[in-house]
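Taking it in order: structure first as structure tokens, then the write-up.
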Amino acid sequence: MPFAALGLSPRTISPLARLGYETPTDVQAQTIPAALQGRDVLARAQTGTGKTAAFGLPMIERLAAVAHGQSIAPRGLVLVPTRELALQVKEALFELAQGTRLRVMTMVGGEPIMPQVRTLRRGVDIVVATPGRLIDHLDRKTIDLRTIEIVTLDEADRMLDMGFLPPLKRVMSLVPASRQTLLLSATLSKEIIAAARAFTKDPVRIDVAPEHVVASTVVHRVFAVPQEHKRDL
């Protein structure tokens, strides 16, 4: 099945071949059509199955379809548990949005906050954020979530494990009730189901390879390193 069969426009599809995307993965084939219909989505999928494109392509399609002039307020929000994942997702969305004029930024801890504030003031369409740093910006009143149209909670199970449920509740209370929400998780625990009930409306439920938490294509390696050498490694 080609990506065009999922309902994506030629503009959104155009960068895919160059990026090595040939045919949709299972999670992409199931998530993209539902998301393009404007439905909320609750998806269980392993790491390494193409989740970023699964939620990123519908977000790009939706936001690029309607020109908002020189508006500086973000319209798309992706929440992830860690700085490292935020940087990966931002880079992937930047590449996937090459056929558009959408602007993507990361909002993470461990970096000075003022450059992020300046980027927001210049204007951005999609914010990829960790919950803690997004709360910092909300407290400083440097970001307004009232213009958000679509929200993705990526690796939601990890965010709950890391204690981010209170920040998530605050963030989701500040985005419009009319927003579209995509929640992706490697597991569907009772906590995730409860979060889905709180954050989504009548979601399409997608379950990809539920018997495994991590894709067989992912290789794990452990390096035992003295603490003082950890950063250098």
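If you're wondering where the values come from, they're calculated on a predicted model, not measured in any experiment. Count residues from 1 along the sequence. Only heavy atoms go into these numbers, but all of them, side chains included; no hydrogens, no water, no symmetry mates.
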So if you build clusters from Ile, Leu, Val, Met, Phe, Trp, Tyr with side-chain heavy-atom gaps below 4.5 Å, do Leu153 and Ile193 land together?
yes
For Arg170 and Ser173, does a side-chain donor sit closer than 3.5 Å to a side-chain acceptor?
no
Is any NZ, NE, NH1 or NH2 atom of the basic residue among Asp136 and Arg133 found under 4.0 Å from an Asp or Glu carboxylate oxygen of the other?
yes
Do Met162 and Ile135 share a hydrophobic cluster (ILVMFWY, side-chain heavy atoms under 4.5 Å, transitive)?
yes
Measuring from atom CG of Leu16 to atom CZ of Phe3, what distance do you get when rounded to the nearest 0.5 angstrom?
5.5 Å
Report whether Leu134 and Leu165 are members of the same hydrophobic cluster (ILVMFWY, side-chain heavy atoms less than 4.5 Å apart, transitive linking).
yes
Under 4.5 Å between any side-chain heavy atoms of Val117 and Thr119, yes or no?
no
Non-hydrogen side-chain atoms of Lys169 and Phe199 separated by less than 4.5 Å:
yes
Residue pairs involving residues 86-98 (criterion side-chain hydrogen bond (donor to acceptor under 3.5 Å, both in side chains); sequence neighbours excluded):
none
Taking the side chain as every heavy atom from C-beta outward, state whether Arg62 and Gln180 have any pair of such atoms under 4.5 Å apart.
yes
Contact check, side chains of Val108 and Val128, non-hydrogen atoms, under 4.5 Å:
no
Shortest non-hydrogen separation from Ala156 to Leu183 and the atoms involved
CB-CD2, 3.8 Å
Looking only at heavy atoms, which two atoms of Ala92 and Thr52 are closest? And how far apart?
CB-CG2, 3.7 Å
Salt bridge check: are Arg205 and Asp40 linked by an N-O gap of less than 4.0 Å?
no
So do Ile72 and Val124 actually touch side chain to side chain, heavy atoms under 4.5 Å?
no
Here the gap from Ser178 atom OG to Ile148 atom CD1, rounded to the nearest 0.5 Å, amounts to 11.0 Å
Heavy-atom side-chain proximity of Ile126 to Met105 below 4.5 angstrom
no
Taking side chain as C-beta onward, heavy atoms only, is Thr152 less than 4.5 Å from Leu79?
no
Below 4.5 Å, heavy atoms only, C-beta onward: do Met159 and Leu168 meet side chain to side chain?
yes
I need the minimum non-hydrogen distance between Leu93 and Ile60, along with the two atoms involved.
O-CD1, 4.0 Å
Any sub-3.5 Å donor-acceptor pair from Thr200's side-chain atoms to Ala196's backbone N or O?
yes
Show the numbers, then the answer: is there a side-chain contact (heavy atoms from CB on, under 4.5 Å) between Val208 and Gln30?
CA-CA 9 Å; Val208 178; Gln30 295 182 57; 3.9 Å; yes
Take atom CD in Glu22; do more than 12 heavy atoms of anything else shown fall under 6.0 Å from it?
no
Find out if a path of hydrophobic residues (ILVMFWY) with successive side-chain heavy-atom gaps under 4.5 Å connects Val104 to Leu87.
no
Kindly say whether Thr25 contributes a backbone atom to a donor-acceptor pair with the side chain of Gln28 at under 3.5 angstrom?
yes
Kindly compute the distance separating CZ (Arg75) from CG (Leu145), expressed to the nearest 0.5 Å.
14.5 Å
Is the CZ atom of Arg18 crowded by more than 12 outside heavy atoms at less than 6.0 Å?
yes
Interatomic distance, CG@Leu42 vs CG@Leu188, rounded to 0.5 Å, equals 5.5 Å
Does the side chain of Glu155 come under 3.5 Å of the side chain of Ser185 through a donor N or O and an acceptor N or O?
no
Are Glu149 and Arg179 close enough for a salt bridge, meaning some N to O gap below 4.0 Å?
no
Ion pair Glu61/Arg11, N-O distance below 4.0 Å
no
Test side-chain contact (heavy atoms from CB on, under 4.5 Å) on Lys51 and Asp154; report intermediate values, then the result.
CA-CA 8 Å; Lys51 291 191 287 100; Asp154 190 20; 3.0 Å; yes
Taking Arg39 first and then Asp202, would you say they form a salt bridge - that is, a charged N and a carboxylate O separated by under 4.0 Å?
yes
Are any side-chain N or O atoms of Thr147 and backbone N or O atoms of Pro74, one a donor and one an acceptor, separated by less than 3.5 Å?
yes
Going through the distances and angles, do Leu96 and Leu19 end up as a side-chain contact (heavy atoms from CB on, under 4.5 Å)?
CA-CA 8 Å; Leu96 291 171; Leu19 296 172; 3.9 Å; yes
Taking every heavy atom of Ile13 against every heavy atom of Ala4, the minimum-distance pair comes out as CD1-CA, 3.4 Å
Might you point out which heavy atoms bring Ala34 and Val204 nearest each other, and give the distance in Å?
CB-CG2, 4.0 Å
Just by modelled atom types, is the Gly110 backbone N or O under 3.5 Å from a matching donor or acceptor in the Arg83 side chain?
no
When clusters are formed by joining ILVMFWY residues with side-chain heavy atoms under 4.5 Å apart, either directly or through shared neighbours, do Val171 and Val127 land in the same one?
yes
Val41 versus Ala35, closest heavy-atom pair with distance:
CG2-N, 4.4 Å
One should read off an interatomic distance between Leu102 CG and Phe94 CZ, to the nearest 0.5 angstrom, of 11.5 Å
Taking atom CE of Met107 and atom CD1 of Ile113, what is their separation to the nearest 0.5 Å?
8.0 Å
